[in-house]
Amino acid sequence: MMAMVSGPWPWYVAGPLIGLFVPALLLVGNKVFGVSGSLRHSCSAVIPGRLQYFRYDWKSKGVWNLLFVAGILVGGLLASHWGGPQGVAISEHTRVALAQLGIHDFSGLAPHEVFTWRALLTVRGFVSVVIGGFFVGFGTAYAGGCTSGHAISGLANLQLPSLIAVVGFFAGGLAATHFIIPLLW
Amino acid sequence: MTAPATTGTQVVSPTRRYGAFLVYFVLGVGFGIVLTKSEVLSWFRIQEMFRFQSPRMYEIIASAIAVATFSVQLIRRLGLKSASGELITIPPKPLGHGVRYAVGGTIFGLGWALTGACPGPLFALIGNGLTVMILAVGSALAGTWLYGFLRPRLPH
């Protein structure tokens with residue numbers, strides 16, 4: 001039991017739990033599980049400008065989603081305080097491959113060589129955080145959903161558009177991993 | 001919808017509405033915990049996945065989709081109503097030319113591998129103390145805004 005609190009959860013616990021958020025949100029308030037909508041709602045609330053895309057009633061459509069996202073942040077905070085062994089036990093092959101790219105610190109959730117405020121002054125830090133974040137925001141808005149909205153909710157609802165989006169997710173992810181990262185780092 | 005859901009003559013009281021909002025927050029907390037304890041928010045796990053060096057992420061995603069699909073089909077068959085009193089319906093996604101899904105999806109995929117995080121994990125990482133991800137969220141907001149700006153000129 002303590003291992004469940006301190007250590008990482010096995011896939012057969014984690015995966016089904018993630019899937020259960022879909023019926024939970026539907027049963028609570030007929031809401032479709034998704035996270036990236038919160039980015040649109042935030043823009044709509046703060047800087048809608050005259051853009052059609054942001055001109056809708058974000059209070060009635062988006063407050064639940066913004067609260068859900070605020071909860072995600074707090075959940076991360078709580079879970080991080082439960083301690084347990086630091087570092088993610090990735091495969092030895094991945095360690096070797098990443099070491100060749102100059103990653104030697106495997107102690108956190110993301111490499112400290114790249115994901116710190118200081119590292120923003122390096123090419124790989126800037127590309128990973130600023131450019132990567134930008135692509136996440138633009139891509140998810142263009143595609144109309146992210147991993148939660150398309151890969152989980154969309155596929156669960158047997159939507160062809162979501163299948164196309166998920167193929168795109170992997171095409172982009174593979175291209176970044178095997179071409180862009182080795183090239184720029 | 002946050003507007004009082006009317007079921008026949010019944011109107012959902014304000015207390016129930018705020019109660020529902022609290023539920024969304026609590027569900028978010030649960031999701032943040034799951035994202036952390038499953039390690040799917042880790043850049044290392046995402047690299048491992050895109051390098052096909054461990055089945056773990058695929059097992060998590062596949063089992064999540066399986067449970068979600070089964071639940072959605074069950075809810076539909078039973079014609080269930082939500083606690084807010086509405087008949088549960090999931091709006092279909094219009095296919096159009098499919099360009100937005102292929103191109104937008106690929107752009108998102110590039111960002112997913114570069115940051116090592118999709119939107120949910122970005123927020124969970126900030127909670128985990130990776131404060132530099134606040135800037136990644138800021139960048140994502142800029143990206144979303146630019147899409148809103150370019151939208152009339154983009155193929156969909």
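Below, chains carry the letters A, B, ... as their sequence lines are ordered, and counting in each starts from 1.
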Fill in the blank from the handout: Heaviest contributor of heavy-atom pairs below 4.5 Å to chain A, chosen from Q73(B), R76(B), K93(B), Q47(B), is K93(B)

Exercise for the section: Find out whether F108(B) and V136(A) are in side-chain contact, i.e. whether some heavy atom of one side chain is under 4.5 Å from a heavy atom of the other. Expected result: yes

Problem - Options V22(A), I90(A), I164(A), ranked by heavy-atom pairs under 4.5 Å with chain B, top entry - result: I90(A)

Exercise for the section: Look at the rings of F54(A) and W145(B) and say which category their plane angle falls in: under 30° parallel, 30 to 60° tilted, over 60° perpendicular. Expected result: parallel

Exercise for the section: Could you tell me which portion of F70(B) (side chain, backbone, both or neither) has an atom closer than 4.5 angstrom to a non-hydrogen atom of chain A? Expected result: neither

Problem - Closest non-hydrogen atom pair, S139(B) against V130(A) - result: OG-O, 2.7 Å

Problem - Candidate list L98(A), V88(A), T94(A), test side chain to side chain contact (heavy atoms under 4.5 Å, CB included), partner E48(B), passing option - result: T94(A)

Handout entry: Contact class of I90(B) relative to chain A, heavy atoms under 4.5 angstrom
Key = both

Problem - Residue selection (most heavy-atom pairs with chain A, distance under 4.5 Å) from G120(B), A117(B), A62(B) - result: G120(B)

Exercise for the section: Name the region of P55(B), side chain, backbone, both or neither, that has any atom closer than 4.5 Å to a heavy atom of chain A. Expected result: neither

Handout entry: Contact summary for S63(B) and P16(A), nearest pair of heavy atoms
Key = OG-CD, 3.5 Å

Exercise for the section: Under 4.5 Å heavy-atom distance to chain A, tell me which part of V34(B) shows up: side chain, backbone, both or neither. Expected result: both

Exercise for the section: Look at P92(B), A66(B), G96(B) and state which one has the largest set of heavy-atom pairs under 4.5 Å with chain A. Expected result: P92(B)

Handout entry: Side chain proximity check, M133(B) to F115(A), heavy atoms < 4.5 angstrom
Key = yes

Fill in the blank from the handout: Looking only at heavy atoms, the pair that brings G76(A) and T36(B) closest together is CA-OG1, 3.6 Å

Fill in the blank from the handout: From the list L78(A), I131(A), L158(A), the residue making the most non-hydrogen contacts under 4.5 Å with chain B is L158(A)

Handout entry: Test item: W43(B) and V114(A) side chains (from C-beta on) under 4.5 Å apart, heavy atoms
Key = no

Practice task
Would you sort out whether W9(A) and I33(B) count as a side-chain contact (heavy atoms from CB on, under 4.5 Å), showing the intermediate values?
Solution key: CA-CA 11 Å; W9(A) 294 346; I33(B) 292 171; 4.1 Å; yes

Exercise for the section: Heavy-atom pairs under 4.5 Å with chain A are the metric here; pick the option from V99(B), L41(B), T106(B), L35(B) that has the most. Expected result: T106(B)

Handout entry: Segment of E39(B) engaging chain A (4.5 angstrom heavy-atom cut-off)
Key = side chain

Problem - Crowding at OH, Y56(A) (>12 non-hydrogen neighbours, <6.0 Å) - result: yes

Handout entry: Side chain proximity check, F138(A) to L150(B), heavy atoms < 4.5 angstrom
Key = yes

Practice task
Determine whether the aromatic ring centres of H150(A) and Y101(B) lie less than 6.0 Å apart.
Solution key: yes

Handout entry: Engaged part of I88(B) at the chain A interface, taking heavy atoms whose separation is under 4.5 Å
Key = both

Problem - Minimum side-chain heavy-atom gap L174(A)-F52(B) below 4.5 Å - result: yes

Handout entry: Closest contact, heavy atoms only, V129(A) versus L135(B)
Key = CG1-CB, 4.2 Å

Fill in the blank from the handout: One option among L74(B), I61(B), I126(B), V67(B) has the most heavy-atom pairs under 4.5 Å with chain A, and it is V67(B)

Exercise for the section: Quick one: do L141(B) and L39(A) satisfy side-chain contact (heavy atoms from CB on, under 4.5 Å)? Show the steps, please. Expected result: CA-CA 6 Å; L141(B) 287 170; L39(A) 298 171; 3.8 Å; yes

Practice task
Might you work through the side-chain contact (heavy atoms from CB on, under 4.5 Å) test for S38(A) and F123(B), ending with a clear yes or no?
Solution key: CA-CA 11 Å; S38(A) 66; F123(B) 293 102; 4.2 Å; yes

Practice task
Might you work through the ring pair (Phe, Tyr, Trp, His ring centres under 6.0 Å) test for F50(B) and F170(A), ending with a clear yes or no?
Solution key: CA-CA 8 Å; F50(B) 283 132; F170(A) 276 87; 5.6 Å; yes

Completion exercise
Minimal heavy-atom distance between G132(A) and T115(B), with the atoms involved, is C-CG2, 3.3 Å

Practice task
Can you tell which part of I75(B) gets under 4.5 Å to a heavy atom of chain A, answering side chain, backbone, both or neither?
Solution key: side chain

Fill in the blank from the handout: For T69(B) and A156(A) the tightest heavy-atom approach is OG1-CA, 3.3 Å

Exercise for the section: Tell me, out of L95(B), N128(B), V72(B), I46(B), who's got the most heavy-atom pairs with chain A below 4.5 Å. Expected result: N128(B)

Practice task
Would you indicate whether the side-chain heavy atoms of P91(B) and V32(A) approach each other to under 4.5 Å?
Solution key: yes

Practice task
Show your working on ring pair (Phe, Tyr, Trp, His ring centres under 6.0 Å) between Y142(A) and Y147(B) and close with a plain yes or no.
Solution key: CA-CA 6 Å; Y142(A) 196 0; Y147(B) 167 74; 5.6 Å; yes

Practice task
State, with a plain yes or no, whether a side-chain heavy atom of L25(A) is found less than 4.5 Å away from one of Y24(B).
Solution key: yes

Handout entry: pair R51(B)-H178(A): side-chain heavy atoms closer than 4.5 Å
Key = yes

Practice task
Would you check if the side chain of S42(B) reaches a backbone N or O of L109(A) as a donor-acceptor pair within less than 3.5 Å?
Solution key: yes

Practice task
Heavy-atom distances under 4.5 Å only: say whether R151(B) touches chain A with side chain, backbone, both or neither.
Solution key: side chain

Practice task
Select, from L184(A), I18(A), T177(A), the one with the greatest count of heavy-atom pairs under 4.5 Å involving chain B.
Solution key: T177(A)

